[in-house]
Asker: 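Just dropping this structure here.
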Amino acid sequence: MKELARILFCPVDLKRVYVEEGYGTVLFGGKQMYELDPSNKKYLSKSKHDERIINELEIQENTTLISRSGTIGKVCLVPKHWQNWVASEHIIRVVPANNDVAGYISIFLSSDYGYELIKRFTYGSVVDEIDDNHVRQIQIPILKNQDIQKQINDLALQANEKRYQAYLLEQEALKVLDEEVIYAE
């Protein structure tokens, strides 16, 4: 994992201060990772958490997220519209060394084999847990055939871009529904 990831970490617990939409940064948790536009968004106070948001909590496009408590091992590649949002401290971040491996990391960890490597470190008697030290120990194979690895990576990044395009189309459809159907005169 070391040669593929620039940074791999899990933020320490955070005493959250929530605010209204216009005063904070979107915060979402592990159960929302597979949603196009995460429902039940909460907003983390910028004034109370600004330094931590900037230095530790914000997520960037093409970072791989891994749920680490409760339902462990859910893997998600951050789409463009989540850029600068905040993922909860219950999500491990794998920041790729570059975009030449970003999709490949996510695809490998999403595979059945990757999932087994993630969950082998599970601990906890009531709530299952893993941590970033466990994920660091996962060996992601570098393929001998670099063309195949590049193809896997590129397909994942293309799918992530299509996820962003789907989000934009959904937002446009919701706007039409609001303006021309529900509130039409």
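Each residue takes its place number in the sequence, starting with 1. No hydrogens, no waters, no symmetry mates; every other heavy atom, side chains included, goes into these values.
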Asker: Could you grab the distance from atom CG of L8 to atom CD1 of I66, nearest 0.5 Å is fine?
Answerer: 6.5 Å
Asker: Check whether any side-chain heavy atom of F28 sits under 4.5 Å from a side-chain heavy atom of E35, and report yes or no.
Answerer: no
Asker: With rounding to the nearest 0.5 Å, note down the distance linking CZ in R68 to CG in D128.
Answerer: 12.5 Å
Asker: Taking salt bridge (Lys or Arg N to Asp or Glu O under 4.0 Å) as the cut-off, I'd like each qualifying pair that reaches into residues 95-123, sequence neighbours left out, listed once.
Answerer: E116-K119
Asker: Do L109 and I140 have side chains that approach each other closer than 4.5 Å (heavy atoms only, starting at C-beta)?
Answerer: yes
Asker: Nearest 0.5 Å, what's the OG1-CD1 distance between T63 and I91?
Answerer: 12.0 Å
Asker: Got more than 12 heavy atoms from elsewhere within 6.0 Å of NZ, K162?
Answerer: no
Asker: Linking I/L/V/M/F/W/Y whenever any side-chain heavy atoms sit under 4.5 Å apart, do V127 and I130 land together?
Answerer: no
Asker: Keeping Q83 on the side-chain end and E61 on the backbone end, is there a donor-acceptor pair under 3.5 Å?
Answerer: yes
Asker: Do L117 and V101 share a hydrophobic cluster (ILVMFWY, side-chain heavy atoms under 4.5 Å, transitive)?
Answerer: yes
Asker: I need the H90 NE2 to M33 CE distance, nearest 0.5 Å.
Answerer: 13.5 Å
Asker: How many angstroms lie between atom CD1 of I118 and atom OH of Y113, to the nearest 0.5 angstrom?
Answerer: 12.0 Å
Asker: Spell out, as yes or no, whether a donor-acceptor pair under 3.5 Å connects the side chain of R93 to the backbone of I59.
Answerer: no
Asker: Following the transitive rule for hydrophobic clusters with a side-chain heavy-atom cut-off under 4.5 Å over Ile, Leu, Val, Met, Phe, Trp and Tyr, establish whether I107 and L65 coincide in one cluster.
Answerer: no
Asker: Any side-chain heavy atom of K80 within less than 4.5 Å of one from N62?
Answerer: no
Asker: So F121 and E129, do their side chains get closer than 4.5 Å, heavy atoms only?
Answerer: no
Asker: Nearest 0.5 angstrom please: D131 CG to I92 CD1, how far?
Answerer: 6.5 Å
Asker: Which atoms form the tightest heavy-atom contact between P141 and Y104, and what is the distance?
Answerer: O-OH, 2.5 Å
Asker: Might you confirm whether atom CD of E172 has over 12 heavy atoms from other residues, nucleotides or ligands at distances under 6.0 Å?
Answerer: no
Asker: Is atom CG of N98 surrounded by more than 12 heavy atoms (other residues, nucleotides or ligands) closer than 6.0 Å?
Answerer: yes
Asker: Among residues at least two apart in sequence or on other chains, which ones pass side-chain hydrogen bond (donor to acceptor under 3.5 Å, both in side chains) with S45?
Answerer: S47
Asker: For R16, enumerate each residue passing the side-chain hydrogen bond (donor to acceptor under 3.5 Å, both in side chains) test, keeping only those at least two apart in sequence or located in another chain.
Answerer: Y18, E89
Asker: Under 4.5 Å between side-chain heavy atoms, counting indirect links through other Ile/Leu/Val/Met/Phe/Trp/Tyr residues: same cluster for V78 and F108 or not?
Answerer: no
Asker: I'd like to know if the side chain of S106 and the backbone of G103 have a donor-acceptor N/O pair within less than 3.5 Å.
Answerer: no
Asker: Is there a donor-acceptor pair under 3.5 Å between the side chain of S67 and the backbone N or O of K74?
Answerer: yes
Asker: How close do Y123 and H134 get, heavy atom to heavy atom, and via which atoms?
Answerer: CE2-CE1, 3.5 Å
Asker: For the residue pair L155 and Q158, establish whether any side-chain heavy-atom pair is separated by less than 4.5 Å.
Answerer: yes
Asker: Verify side chain to side chain contact (heavy atoms under 4.5 Å, CB included) between K48 and V19, making sure each step is shown before the conclusion.
Answerer: CA-CA 10 Å; K48 295 289 184 187; V19 293; over 6 Å; no
Asker: Measure up the W82 and W85 rings against each other and bin them: parallel (under 30°), tilted (30 to 60°), perpendicular (over 60°).
Answerer: parallel
Asker: Taking all atoms of both residues into account, what is the closest heavy-atom pair of K41 and D37, and its distance?
Answerer: NZ-OD1, 2.8 Å
Asker: Please write out which residues are connected to L157 in a hydrophobic cluster, directly or through intermediates, given that two of Ile, Leu, Val, Met, Phe, Trp, Tyr count as joined at side-chain heavy-atom separations below 4.5 angstrom.
Answerer: L77
Asker: Should we count OH of Y23 as having more than 12 external heavy atoms under 6.0 Å?
Answerer: no
Asker: With sequence neighbours excluded, tell me which residues meet side-chain hydrogen bond (donor to acceptor under 3.5 Å, both in side chains) with Q165.
Answerer: E161
Asker: If we only count heavy atoms from C-beta on, is the L57 to T25 side-chain gap below 4.5 Å?
Answerer: no
Asker: Which Ile, Leu, Val, Met, Phe, Trp or Tyr residues join L168 in one cluster when any pair of side-chain heavy atoms under 4.5 Å counts as a link?
Answerer: L36, Y164, Y167
Asker: Do the side chains of Y115 and V94 join up, straight or via other hydrophobic residues, at under 4.5 Å, putting them in one cluster?
Answerer: no
